[in-house]
S.K.: 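Can you read through this structure? Questions will come right after.
Quick caveat, the model's predicted, so the values are computed rather than measured.
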Amino acid sequence: MFSRIRSDIQCILDRDPAARSTWEVLTCYPGLHALVLHRRAHWCWTHGLKWLGRFISHLGRWATGIEIHPGAIIGQRVFFDHAMGVVVGETAEIGDGCTIYQGVTLGGTSLYKGVKRHPTLGKDVVVSAGAKVLGGFEVGDGAKIGSNAVVIKPVPAGATAVGIPARIIPSKTGESADVSHAEPKFTAYGITQEDDPVSQALRGLIDSASGQEHQIALLWQAIETLSANRAGVASTPDCVPGDAARKESFEAERLNQLVGK
């Protein structure tokens with residue numbers, strides 16, 4: 001028991017730069033308190049003491065603002081960061097090394113008893129603030145779920161889910177989202193600018209429009225040169241319209257700055 005608490009404290013010290021000491025984590029972090037109470041509640045639940053397990057869970061909710069059903073299965077080194085308003089359902093499973101932020105719901109979409117109604121999170125999953133993961137499916141190892149996303153279908157390992165309903169962005173390297181660099185990299189709140197599909201689409205459109213304008217300007221310049229050489233004069237030939245865009249004016253750099261490139 002004490003070795004597991006030490007592991008929980010160390011994972012908080014590793015992931016939260018605001019944590020200054022073991023004593024501070026032990027006394028001032030509700031996420032740690034919720035885990036300790038849940039383990040007692042889960043033991044009672046699995047040993048037939050259903051009411052006592054629910055009552056301990058209720059006390060934990062009152063004391064920490066984190067509601068974890070005593071039937072939920074939680075692995076090691078799980079960090080509930082801030083975590084006010086987190087709800088973890090009865091059949092939910094949270095793998096080792098996961099990070100869950102405030103306002104997250106691991107909920108169910110079925111009313112049938114005795115079936116898998118809540119999600120299973122793999123190892124090292126990051127679920128950002130306000131996200132809702134609803135259903136009895138799996139979220140793969142190293143996946144990231146963006147803030148306020150509503151996830152209603154499985155998420156592959158290393159992928160990122162953002163939006164309502166969530167869109168799945170595959171991992172760039174086919175590896176875990178947190179280990180796609182030479183050294184493991186933790187992404188706070190589980191989302192970066194590169195993971196925003198709307199921003200990616202806008203940047204693609206901007207780059208395409210800029211490239212097309214460049215090609216059109218080159219074509220008009222070539223037509224102007226060929227026509228002038230054929231006519232033997234230096235003035236602008238009649239076949240080139242006066243409003244032809246012979247110079248580029250598309251402000252691709254400014255637009256990319258606006259969308260966050």
S.K.: Give a yes or no on whether the backbone of T91 and the side-chain of H118 come within a donor-acceptor separation of less than 3.5 Å.
M.R.: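 Yes.
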S.K.: Show the nearest heavy-atom pair for residues F79 and C11, with the distance to one decimal.
M.R.: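 Residues F79 and C11, closest heavy atoms: CB-SG, 4.2 Å.
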S.K.: Taking atom NZ of K50 as the centre, report whether more than 12 heavy atoms of other residues, nucleotides or ligands fall under 6.0 Å from it.
M.R.: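 Atom NZ in K50 is packed in, count exceeds 12.
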S.K.: Could you identify which residues cluster with V150, counting Ile, Leu, Val, Met, Phe, Trp and Tyr as linked when any side-chain heavy atoms lie under 4.5 Å apart, either directly or through a chain of such contacts?
M.R.: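 For the cluster that includes V150, the remaining residues are L134, I152, I164.
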S.K.: Would you check, one step at a time, whether the test side-chain contact (heavy atoms from CB on, under 4.5 Å) holds for C44 with I56?
M.R.: CA-CA 9 Å; C44 293; I56 295 174; 4.0 Å; yes
S.K.: Mind checking the CZ-CG spacing from F55 to L49? Nearest 0.5 Å is all I need.
M.R.: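 Going from CZ on F55 over to CG on L49, the span is 14.0 Å.
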S.K.: Are T120 and V139 packed together at the side-chain level, in the sense that at least one heavy-atom pair is separated by less than 4.5 angstrom?
M.R.: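 When only atoms from C-beta onward are counted, V139 and T120 do not touch, as no gap falls below 4.5 Å.
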S.K.: For side-chain hydrogen bond (donor to acceptor under 3.5 Å, both in side chains), just list the numbers for T99 and R15, CA-CA rounded to whole Å, side-chain angles, deciding distance to a tenth of an Å, and then say yes or no.
M.R.: CA-CA 9 Å; T99 303; R15 297 183 217 171; 2.7 Å; yes
S.K.: Compute the ring centroids of W62 and H58, then answer whether they are less than 6.0 Å apart.
M.R.: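 For W62 and H58, the ring centres are not under 6.0 Å apart.
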S.K.: Check each of K116, R117, K113 against E90 using the salt bridge (charged side-chain N to carboxylate O under 4.0 Å, His left out) test, and report the only one that passes.
M.R.: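 Among the candidates, only R117 passes.
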S.K.: V126 versus Y101: any side-chain heavy-atom pair under 4.5 Å?
M.R.: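 Counting from C-beta outward, V126 and Y101 do come under 4.5 Å.
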S.K.: Passes side-chain contact (heavy atoms from CB on, under 4.5 Å), I94 versus I100? Steps please.
M.R.: CA-CA 10 Å; I94 301 176; I100 297 176; 3.6 Å; yes
S.K.: So which heavy atom on V125 is nearest to which on G142, and how close?
M.R.: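 Between these two residues, the closest heavy atoms are CG2-N, 4.2 Å.
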S.K.: Determine yes or no for a side-chain-to-main-chain donor-acceptor pair under 3.5 angstrom, with H69 supplying the side chain and V88 the backbone.
M.R.: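 No, H69 side chain to V88 backbone: no donor-acceptor pair under 3.5 Å.
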S.K.: Would I68 and W43 show up in the same hydrophobic cluster when neighbours are defined by side-chain heavy atoms closer than 4.5 Å?
M.R.: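 Shared cluster, no.
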S.K.: To the nearest 0.5 angstrom, please state how far the CD atom of E67 sits from the CE atom of M84.
M.R.: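 One gets 12.5 Å once the value is rounded to the nearest 0.5 Å.
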S.K.: Ignoring hydrogens and geometry, is there a side-chain-to-backbone donor-acceptor pair from D96 to G75 under 3.5 Å?
M.R.: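 Answer holds: no.
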S.K.: For residues A161 and V151, report the shortest heavy-atom separation together with the two atoms involved.
M.R.: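 Between these two residues, the closest heavy atoms are CB-CG2, 4.1 Å.
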S.K.: Donor-acceptor pairs are to be reported for all side-chain atoms of residues 24-38 against protein atoms at under 3.5 Å, with residues two or more places apart or in another chain.
M.R.:
from, atom 1, to, atom 2, distance (Å)
E24, OE1, R20, NE, 3.0
T27, OG1, W23, O, 2.7
Y29, OH, D16, OD2, 2.8
Y29, OH, A19, N, 3.4
H33, NE2, L26, O, 3.0
H38, NE2, A72, O, 3.0

S.K.: Specify the closest pair of heavy atoms between P156 and A143, including all atoms of both residues, with the distance to one decimal.
M.R.: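 Minimum heavy-atom separation between P156 and A143: O-CB, 3.8 Å.
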S.K.: May I have the step-by-step check of side-chain contact (heavy atoms from CB on, under 4.5 Å) for D141 and D124, ending in yes or no?
M.R.: CA-CA 6 Å; D141 295 347; D124 302 316; over 6 Å; no
S.K.: Donor-acceptor check, side chain of S57 to backbone of A41, threshold 3.5 angstrom: yes or no?
M.R.: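 Answer holds: no.
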S.K.: Working to the nearest 0.5 Å, report the span between NE2 of H82 and CD of Q102.
M.R.: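 So the gap between those two atoms works out to 5.5 Å.
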S.K.: Quick check: closest heavy atoms across G146 and A131, and the distance to 0.1 Å?
M.R.: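 For G146 versus A131, the nearest heavy atoms are O-CB, 3.7 Å.
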S.K.: Side-chain contact, heavy-atom cut-off 4.5 Å: R4 with R39?
M.R.: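 In contact.
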S.K.: So, the side chain of K132 versus the backbone of G103: is there a donor-acceptor pair under 3.5 Å, distance only?
M.R.: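 Side chain of K132 to backbone of G103: a pair is present.
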S.K.: Are side-chain heavy atoms of K153 and I168 found at a separation under 4.5 Å?
M.R.: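 With C-beta onward as the side chain, the pair touches.
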S.K.: If we ignore hydrogens and angles and just use 3.5 Å, is the side chain of T64 paired with the main-chain N or O of I66 as donor and acceptor?
M.R.: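 Judged by distance alone, yes, a pair lies under 3.5 Å.
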S.K.: For a 4.5 angstrom cut-off between non-hydrogen side-chain atoms, does I12 reach D8?
M.R.: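 Counting from C-beta outward, I12 and D8 never come under 4.5 Å.
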S.K.: Apply the test side-chain contact (heavy atoms from CB on, under 4.5 Å) to residues V127 and L121: give CA-CA distance (whole Å), side-chain angles for both, the deciding distance (0.1 Å), then the verdict.
M.R.: CA-CA 9 Å; V127 187; L121 306 186; 3.9 Å; yes
S.K.: Within a 6.0 Å radius of atom CD on E138, are there more than 12 heavy atoms belonging to other residues, nucleotides or ligands?
M.R.: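 At most 12 heavy atoms, drawn from other residues, nucleotides or ligands, come within 6.0 Å of this atom.
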S.K.: Answer yes or no: is there a side-chain heavy-atom contact under 4.5 Å between H42 and I74?
M.R.: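 SC-SC contact between H42 and I74 ruled out.
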S.K.: Could you tell me whether the side chain of F80 reaches within less than 4.5 Å of the side chain of V86, counting heavy atoms only?
M.R.: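 Side-chain contact under 4.5 Å: yes.
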